[in-house]
Structure formats: structure tokens, C-alpha cells
Amino acid sequence: MLAADRPLSRMEAAARPAVDRTTMVGLVGTLEEKGFVERRRSSRDRRKNTCS
């Protein structure tokens, strides 16, 4: 899912497996700490972070 053809916002990633935003933030944080994903500011909307 996170290896999609484009970076996903946390909300987009959370919607795919039906995970609420709060849980997704914690999950992405854990994955980032382990080096599996990287959070970046969206180039289209600076208010959003994307994961890749």
C-alpha cells in the first residue's frame, strides 16, 4: 500500500485499510523510526505530509 505509484497523504493511507487518522499517525511514526517510510511535506499542499 505504501509502495504506491505516488506518495500518499496520511489520510489517503489511512482510508485504504480503514484505519483512523490517530492510529495511522502512530503507525507511520513507528515505521519512520524503523526506516521503512519517510515523511515529507507535500509539494502540492504544504499543510500535508506524504509518506514514501
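Residue numbers count from 1 along this sequence. The structure displayed is predicted, hence computed values, not measured ones.
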task = Sequence neighbours left out, what passes side-chain hydrogen bond (donor to acceptor under 3.5 Å, both in side chains) with Thr23? Give chain and number order.
result =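 Expected list: Asp20.
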
task = Would you mind listing every side chain to side chain donor-acceptor pair (under 3.5 Å) that reaches into residues 28-37, with sequence neighbours excluded?
result =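 Residue pairs passing side chain to side chain donor-acceptor pair (under 3.5 Å), neighbours aside: Glu32-Arg39.
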
query = Given the rule that I, L, V, M, F, W and Y join up when any side-chain heavy atoms are under 4.5 Å apart, are Val25 and Val37 in one cluster?
reply =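 No: no chain of side-chain contacts under 4.5 Å links Val25 to Val37.
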
